[in-house]
Amino acid sequence: MTSKSDDLSGQLVGTIGGLVVVGAVLAAIKDKLGLSWLATVLLVVGTLVLLGYGAWTVRRRVVRAWESSKTGSASLAAPAPDQGAQEPVQALHGPGQAVDPALQAAVDGPPSAAPVDAGLTAVLRRAGAIAPDEAILAADVTVEQLSVGTLYDFLVPSPRKHEDVAKKIGGIASMFGVTRLHLKLETDRHNERRIRLLKLHEPPFTNEFPAPTRHEIETFTGVPLGHDVTGQLAGVPTLEKASLLVAGMTQMGKTTLINGMIACLLIAYGEFELYLLDGKFCGLTKFERIATRYESSDDPAVFLSMVQELNDRSESRYAEIKEAIRKRERAPEFVPVIFIVDEVADFFMSGVTNEEKDQARQIVNDSRRLVSKSLESGISTIFMTQRPSTNAIPVEVRDQFLYRLCLYVASAGTAKVALGDTYFETIAPINPARIDPLLKGTGVLFVQGRSTLIRGFDFDDSFIWEVVDERARGQLEVLPADTPLRQAIDLLRDKGVDFMSTADLAPAMGVMESDAAKTGRELNARLGGPTSRRSGQIRGYFLEDLVAHARSGA
């Protein structure tokens with residue numbers, strides 16, 4: 001107890017002495033600076049706090065430097081990894097037992113990074129197709145040099161998909177230093193990460209490809225419409241149960257492209273019937289002689305009559321299909337019918353009178369019905385227009401087309417009318433407004449969700465005439481030789497004439513009536529009811545009408 005009392009007394013005396021010293025120091029400072037007691041105390045306390053913080057900072061830096069030097073010495077002294085590093089893992093499993101890969105990886109450390117394709121990685125990163133920390137592995141890239149460009153075949157890193165590249169295709173083109181039209185993107189429906197990207201050496205179709213041969217057309221799977229940017233044939237898989245809308249500004253090559261398509265159909269599509277309405281008056285004339293019905297007119301009434309005729313044929317075919325189903329029989333096979341209209345927008349224009357407005361409404365309703373309802377009956381429609389504006393073709397008609405082809409147009413808005421309102425949200429869209437208008441017949445073909453830049457065929461007239469004549473001869477050969485209609489056609493062809501009067505044709509067909517009216521009726525009945533027309537003041541039959549009537553199967 002005595003020792004503890006002495007300690008407390010000593011501490012008390014020391015404390016009193018310390019306070020006396022502090023008081024003396026504060027008094028000296030106060031006298032020296034001439035401050036009040038409160039200001040003197042605050043000044044001294046603040047100085048002591050700053051000195052303490054400075055001492056703590058210096059001590060902290062010294063400690064950090066000392067620890068860093070110790071860590072560096074330890075790393076230099078550590079031995080390099082060798083086979084002995086694997087012994088603890090093997091010891092856990094025993095000799096001869098398999099090692100857990102995860103545990104072995106934890107001991108061995110992370111594997112070395114796989115080689116990266118620096119060029120593709122940089123392009124896709126800068127375009128935003130992959131993230132900054134993602135890369136294209138060199139092992140996943142194949143580069144092939146083609147005559148027209150460089151083909152990159154690669155996999156995007158997981159979980160990226162081909163949509164990520166398709167959405168940034170414009171930026172990728174910019175990174176390559178070319179335009180969107182220089183790139184052709186192909187995706188794999190079986191592997192969402194696989195991309196085939198072709199970068200052209202020159203702008204597309206800089207060098208025109210030669211027209212395809214008969215063999216190339218016959219062996220193509222589908223209906224060819226033109227060449228793609230590599231020179232391969234491109235087109236639609238079929239016209240069965242499908243329709244096509246072709247749009248583009250005037251003088252962009254629509255009619256030439258469709259003429260080439262019809263020639264390809266005649267070569268490789270088999271037996272079919274053509275209904276042609278030539279709104280340009282001479283754009284489809286080459287095929288007049290082999291058409292079941294050909295009209296050269298811009299009269300909406302003519303268009304309506306053809307649409308209604310085809311709707312009637314469609315209803316008749318559906319009636320046959322239903323009857324076969326009721327009898328549990330195989331559905332009948334019909335000869336395909338292809339209805340092609342050039343400058344179709346002219347026929348949807350509404351006049352000012354009530355009668356003209358009623359006719360315009362009827363045209364819209366019947367056209368929508370034809371395009372949407374007749375496909376199952378084997379009747380396909382191809383509409384062409386040089387005015388792909390919002391009101392040129394009514395939306396209820398325009399939306400029914402499965403295939404779309406848009407040549408050069410002035411704006412992306414116009415392209416949406418031709419290709420669909422959601423076209424630019426599809427995989428790798430191509431803007432038709434960026435097509436070189438000097439490259440006639442060049443357009444964007446949109447089929448089954450894929451866009452392809454194509455240029456239509458420009459066949460020589462001699463080639464088309466040869467194909468047409470070949471089809472015309474084939475059509476006559478299928479007619480029985482002993483029918484009056486076939487005999488009349490052969491008679492006109494043998495004489496080398498396109499028209500023969502009723503008075504001249506009747507005796508050759510065994511009609512010997514003296515009365516002109518009775519002669520005309522009996523001859524028409526014997527021929528099966530083809531259309532008779534006048535040539536000048538003389539009434540008779542045109543060869544083309546007789547052939548068209550024969551092809552119609554009437």
Any donor-acceptor pair under 3.5 Å linking the side chain of Thr206 with the backbone of Glu202? no

Under 3.5 Å donor-acceptor, Arg193 side chain and Val156 backbone: yes

Specify the closest pair of heavy atoms between Pro210 and His227, including all atoms of both residues, with the distance to one decimal. O-CE1, 3.0 Å

Let me see the working for Glu288 and Lys286 under salt bridge (charged side-chain N to carboxylate O under 4.0 Å, His left out), right down to the final yes or no. CA-CA 6 Å; Glu288 178 181 5; Lys286 294 184 179 72; over 6 Å; no

Is a salt bridge present between Arg196 and Asp153, judged by a nitrogen-to-oxygen distance below 4.0 Å? yes

Note, Tyr275 side chain near Leu310 side chain (heavy atom, < 4.5 Å): yes

State whether the number of non-hydrogen atoms from other residues, nucleotides or ligands found under 6.0 Å of Lys440 atom NZ is greater than 12. yes

Parallel, tilted or perpendicular for Tyr152 and Phe176, by the 30°/60° rule? parallel

Side-chain touch Val444/Thr452, heavy atoms, less than 4.5 angstrom: no

Polar side-chain atom of Tyr423 near backbone of Phe446 as donor-acceptor pair, under 3.5 Å: no

Using salt bridge (charged side-chain N to carboxylate O under 4.0 Å, His left out), reason through Arg289 and Asp469 one step at a time and then give a plain yes or no. CA-CA 9 Å; Arg289 63 178 302 200; Asp469 291 342; 2.6 Å; yes

Rounding to 0.5 Å, atoms SG (Cys406) and CE (Met252) come to a distance of 11.5 Å

Is there a donor-acceptor contact under 3.5 Å from the side chain of Arg361 to the main chain of Val364? no

Is any NZ, NE, NH1 or NH2 atom of the basic residue among Glu134 and Arg125 found under 4.0 Å from an Asp or Glu carboxylate oxygen of the other? no

More than 12 heavy atoms of other residues, nucleotides or ligands under 6.0 Å from NZ of Lys280: yes or no? yes

Take the angle between the ring planes of Tyr269 and Phe272 and call it parallel below 30°, perpendicular above 60°, tilted in between. perpendicular

With the side chain counted from C-beta on, respond yes when Glu218 and Thr213 share a heavy-atom pair under 4.5 Å apart, and no when they do not. no

Hey, are the side chains of Leu274 and Phe339 touching, using non-hydrogen atoms and a 4.5 Å cut-off? no

Any non-hydrogen side-chain atom of Ile258 less than 4.5 Å from a side-chain atom of Ile340? yes

Quick one: does any side-chain atom of Asp117 pair with a main-chain N or O of Leu120 as donor and acceptor, under 3.5 Å? yes

Thr381 side chain vs Val371 backbone, donor-acceptor pair below 3.5 Å: no

Between Asp342 and Leu284 (side chain of the first, backbone of the second, donor and acceptor by atom type, cut-off under 3.5 Å), is there such a pair? no

Is there side-chain contact between Ile393 and Leu245, with heavy atoms separated by less than 4.5 Å? yes

Hey, are the side chains of Phe347 and Leu277 touching, using non-hydrogen atoms and a 4.5 Å cut-off? yes

Going by an N to O cut-off under 4.0 Å, is there a salt bridge joining Glu320 and Lys322? no

Arg180 side-chain N/O to Arg434 backbone N/O, donor-acceptor pair under 3.5 Å: no

Kindly check if the number of other-residue, nucleotide or ligand heavy atoms within 6.0 Å of CD (Glu333) is above 12? no

Lys167 and Ile427, any side-chain heavy atoms less than 4.5 Å apart: no

Without swapping roles, check the side chain of Thr121 against the backbone of Ile136 for a donor-acceptor pair under 3.5 Å. yes

With a 3.5 Å distance limit and no angle check, can you tell me whether Thr219 reaches the backbone of His215 through a side-chain donor-acceptor pair? yes

